[in-house]
Engineer: 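Take this structure, written in structure tokens, and hold onto it; I'll ask about it next.
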Amino acid sequence: MIRTRMAPSPTGFLHIGTARTALFNYLFARKHGGRFVLRIEDTDKDRSRREFEADIIEGLHWLGIHWDEGPDVGGPHGPYRQSERITIYKKYLMQLYEQDLVYSCYCTQEELERERELQMLAKQPPRYSGICRGLSDAKRKTLEGQGRTSVLRFKTPQRVVSIADLIRGDITFDTATLDDMIIAKNIETPLFNFAVVIDDFLMNITHVIRGEDHISNTPKQLLLGESLGFSAPLFGHLPLILNTDRTKLSKRQNKVSLLEYKNEGYLSEAIVNFLVLLGWSAENDRELFSLDELENIFSLDRVHKAGAVFNLAKLDWFNAHYIRATPIDILTARCIPFLVDAHHITHNDDGSYTITATQRTIEINDLRQIVSLEQQRMKKLSGCASALGYLFVDQPHYDASLLAWKGMTLDDVVAQLLFLEQHLSEISEDQFTSSIIEQRVKEAIALADKKNGEVLWPFRVALTGQTASPSPFDIAPTLGKTLTLRRIAYARERARTLQ
Ligand code: GLU
């Protein structure tokens, strides 16, 4: 049975690169009917925070990634937080002690620093010399008597280690270049490289799929596992995610926290689709996939070796696509928090909504109609709040000169708005729909031998205060007959007083 895992360190908000790694592990497990495990690697007590763990869990769930075993859902190989597994690590540290494969190192930072400098001067690669490997008991006592603290180092065997990486092919390391790595600060405080090996083995992880930045850890982990008598998992190292200038993805050039994308109005479907293509491609260059589809078609042999460029314009394209494809009731529910945040509406205790500026109640159906005005144009959900602001005010603010189309005088504007008012008021409330309004207004324009722009331009500005918007024929029924006529009368008044 294939078992993969996601092993984030909760030392920061869920990174978009970590989300990509989680997605690949999840998809690989699902594709092969395996299991996916979430393990929280919180051995770094100073930097790990529960708040970050919560952010990681929330972010992955938002993407639709769920795990079969983990700190929040339990499972047969728990606990799934490394901080709760200290006694387990202790047992294996003791085993290494008994095998004489671990020793206390008392060197201070300054001494190690000095050693490195001397090696550099002698043009040797910097590495720990192993000075504490053969300390006698007496020497150790003396050092401890001086109040020195120690760390635990693994007697790293020196030989050639090869891995058949599932993505990168064969990789060979000569561990003679490695120093005796520190595997624990003390018997109660194991470090990452040690804890990972124990956990991957005890949790029966069959495939370790992780970022390329972990390649250098792999020989160390293999040697440790071997010394403990563990069988090794298979490894697959994913390509780096790059900024557009091909440097490693950085905060300075891109947002890297997943939930920032959510808060900005990206849909999880768009993020999943975008993330899966960061280092993987499907046959026939197909680009659009749902998570369910990916669970059936994902394969590690189509993961690339080359770095994957994080192209925000592409993400925006996916997002606009998924916004257009979302059923309007779901899209409205997703837009409402953005409308509330922008103070356009408030959510009342009884479930209804009130327009903040006018204190009018607004029905969910009307909100749907409002959101649908922007569905074809929106790139991000947050865009609905700015684009639709004119619908949530008593009267939109604008410069009255905006009402004049191509050389029209304000006199003309008043006349055209009166013309429009007259024809719109003849339509009954229940006929006040987009198609009927369009038909009547266009007929009237043709009969009066006017140009479309003369009437439709002031119509649009009167309703929105803007020169670019959805069609006024769609906005008018959304506002309703009364408010439409009020806005036109107000525009007429503004044009008259400016003359
Ligand atoms: N905890 C490690 C990290 O957050 C991941 C370890 C691994 O995947 O082996 O980078």
Side-chain angles (χ1 to χ4, degrees), residues 9 11 17 41 43-44 47 93 96-97 99-136 139-140 143 148-186 189-198 200 208 210-228 230 232-233 235-242 246-250 305-307:
S9 304
T11 54
E41 302 209 318
T43 47
D44 184 341
R47 293 174 57 226
L93 269 178
L96 287 180
Y97 255 124
Q99 292 170 253
D100 193 26
L101 286 175
V102 71
Y103 63 93
S104 299
C105 168
Y106 296 87
C107 295
T108 61
Q109 277 309 324
E110 295 73 39
E111 284 165 348
L112 294 172
E113 213 54 52
R114 178 95 192 108
E115 186 173 78
R116 236 171 277 144
E117 277 166 20
L118 289 174
Q119 286 165 338
M120 305 273 257
L121 280 176
K123 304 237 181 309
Q124 290 164 355
R127 63 194 270 267
Y128 173 63
S129 63
I131 197 165
C132 294
R133 240 193 204 228
L135 290 182
S136 64
K139 181 73 183 159
R140 237 182 284 134
L143 290 168
R148 288 198 184 217
T149 51
S150 61
V151 292
L152 299 179
R153 285 190 187 265
F154 173 59
K155 291 186 181 171
T156 308
Q158 305 210 333
R159 60 179 183 74
V160 172
V161 176
S162 291
I163 60 166
D165 191 285
L166 297 165
I167 294 158
R168 314 189 66 83
D170 290 340
I171 313 178
T172 301
F173 309 86
D174 183 355
T175 65
T177 59
L178 301 178
D179 44 18
D180 285 348
M181 66 167 144
I182 304 174
I183 56 170
K185 284 192 185 157
N186 55 51
T189 320
L191 293 182
F192 155 71
N193 268 324
F194 182 69
V196 163
V197 174
I198 313 289
D200 284 341
V208 169
R210 59 185 177 187
E212 192 183 288
D213 42 335
H214 284 291
I215 288 187
S216 61
N217 288 323
T218 309
K220 302 177 189 173
Q221 294 176 2
L222 275 171
L223 289 174
L224 262 173
E226 230 174 69
S227 301
L228 290 163
F230 296 168
F235 291 92
H237 288 96
L238 304 175
L240 285 180
I241 304 179
L242 308 174
R246 303 199 73 83
T247 52
K248 189 175 167 196
L249 186 72
S250 66
K305 293 193 190 70

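Throughout, residue positions are numbered sequentially from 1 according to the sequence presented.
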Engineer: Is the count of non-hydrogen atoms from other residues, nucleotides or ligands lying under 6.0 Å from I131 atom CD1 greater than 12?
Structural biologist: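 Open: at most 12 neighbouring heavy atoms sit under 6.0 Å from CD1 of I131.
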Engineer: So, taking the atom named CZ in R133 and the one named OG in S129, what distance separates them when rounded to the nearest 0.5 Å?
Structural biologist: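 So the gap between those two atoms works out to 10.5 Å.
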Engineer: Please check: side-chain N/O of T156 versus main-chain N/O of D179, any donor-acceptor pairing under 3.5 Å?
Structural biologist: yes
Engineer: What's the separation between atom CD1 in I183 and atom CD1 in I198, rounded to the nearest 0.5 Å?
Structural biologist: 8.0 Å
Engineer: When you compare the side chain of K185 with that of L191, does any pair of heavy atoms fall below 4.5 Å?
Structural biologist: yes
Engineer: Are Q99 and S227 linked by a side-chain donor-acceptor pair shorter than 3.5 Å?
Structural biologist: no
Engineer: Roughly how far apart are L152 CG and C132 SG, rounded to 0.5 Å?
Structural biologist: 11.5 Å
Engineer: Give the minimum heavy-atom separation between P157 and L223, together with the two atoms involved.
Structural biologist: O-CD1, 3.7 Å
Engineer: Working note: R116 + E113, criterion salt bridge (charged side-chain N to carboxylate O under 4.0 Å, His left out); need CA distance, chi angles, decisive distance, verdict.
Structural biologist: CA-CA 5 Å; R116 236 171 277 144; E113 213 54 52; 3.8 Å; yes
Engineer: How about H214 and V208: do any of their side-chain heavy atoms sit closer than 4.5 Å?
Structural biologist: no
Engineer: Take D200 and F230 through the side-chain contact (heavy atoms from CB on, under 4.5 Å) test and state the conclusion after the steps.
Structural biologist: CA-CA 10 Å; D200 284 341; F230 296 168; over 6 Å; no
Engineer: Counting only N and O atoms by type, is there a donor-acceptor contact under 3.5 Å from the side chain of T175 to the main-chain atoms of R159?
Structural biologist: yes
Engineer: Within the structure provided, determine whether M181 and R153 are in side-chain contact (heavy-atom separation under 4.5 Å).
Structural biologist: no
Engineer: Under the side-chain contact (heavy atoms from CB on, under 4.5 Å) rule, what do N186 and T149 come out as? Steps first, then yes or no, please.
Structural biologist: CA-CA 9 Å; N186 55 51; T149 51; over 6 Å; no
Engineer: Heavy-atom count around K155 NZ within 6.0 Å, excluding the residue itself: above 12?
Structural biologist: yes
Engineer: Just so I know, are the side chains of L96 and L224 near enough to count as touching, which here means a heavy-atom distance under 4.5 Å?
Structural biologist: yes
Engineer: Can you find a pair of side-chain heavy atoms, one from F173 and one from I215, that are under 4.5 Å apart?
Structural biologist: yes
Engineer: When rounded to the nearest 0.5 angstrom, what is the spacing between CZ in F154 and OH in Y103?
Structural biologist: 11.0 Å
Engineer: Apply the test side chain to side chain donor-acceptor pair (under 3.5 Å) to residues R148 and S104: give CA-CA distance (whole Å), side-chain angles for both, the deciding distance (0.1 Å), then the verdict.
Structural biologist: CA-CA 11 Å; R148 288 198 184 217; S104 299; over 6 Å; no
Engineer: Apply the test side-chain contact (heavy atoms from CB on, under 4.5 Å) to residues L143 and L135: give CA-CA distance (whole Å), side-chain angles for both, the deciding distance (0.1 Å), then the verdict.
Structural biologist: CA-CA 10 Å; L143 290 168; L135 290 182; 3.8 Å; yes
Engineer: Identify the two heavy atoms, one from P126 and one from Q119, that lie closest to each other, and give their separation to 0.1 Å.
Structural biologist: CA-OE1, 3.2 Å
Engineer: Is the backbone N or O of N193 less than 3.5 Å from a side-chain atom of N217, with the two atoms forming a donor-acceptor pair by type?
Structural biologist: no
Engineer: Please check: side-chain N/O of R127 versus main-chain N/O of A176, any donor-acceptor pairing under 3.5 Å?
Structural biologist: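 It does hold such a pair.
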Engineer: Search all heavy atoms of T172 against all heavy atoms of S162 and return the closest pair with its distance.
Structural biologist: OG1-OG, 3.3 Å
Engineer: What distance do I241 atom CD1 and S250 atom OG have between them, rounded to the nearest 0.5 Å?
Structural biologist: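 Going from CD1 on I241 over to OG on S250, the span is 12.0 Å.
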Engineer: Quick one: closest heavy-atom pair of A306 and P239, and the distance?
Structural biologist: O-CB, 3.1 Å
Engineer: Using side-chain hydrogen bond (donor to acceptor under 3.5 Å, both in side chains) as the criterion, point out the one residue from R168, E212, R210 that pairs with H237.
Structural biologist: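 Filter result, single survivor: R210.
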Engineer: Find out whether Q221 and F192 are in side-chain contact, i.e. whether some heavy atom of one side chain is under 4.5 Å from a heavy atom of the other.
Structural biologist: yes
Engineer: Please find the pair of heavy atoms, one from C107 and one from L112, that lie closest to each other, and give the distance.
Structural biologist: CB-CD2, 3.7 Å
Engineer: Are T218 and I171 packed together at the side-chain level, in the sense that at least one heavy-atom pair is separated by less than 4.5 angstrom?
Structural biologist: no
Engineer: Can you tell me how far CD of E111 sits from OH of Y106, rounded to the nearest 0.5 angstrom?
Structural biologist: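 With rounding to 0.5 Å, OH (Y106) is 13.0 Å from CD (E111).
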Engineer: Could you tell me if the side chain of F235 sits less than 4.5 Å from the side chain of L222, heavy atoms only?
Structural biologist: yes
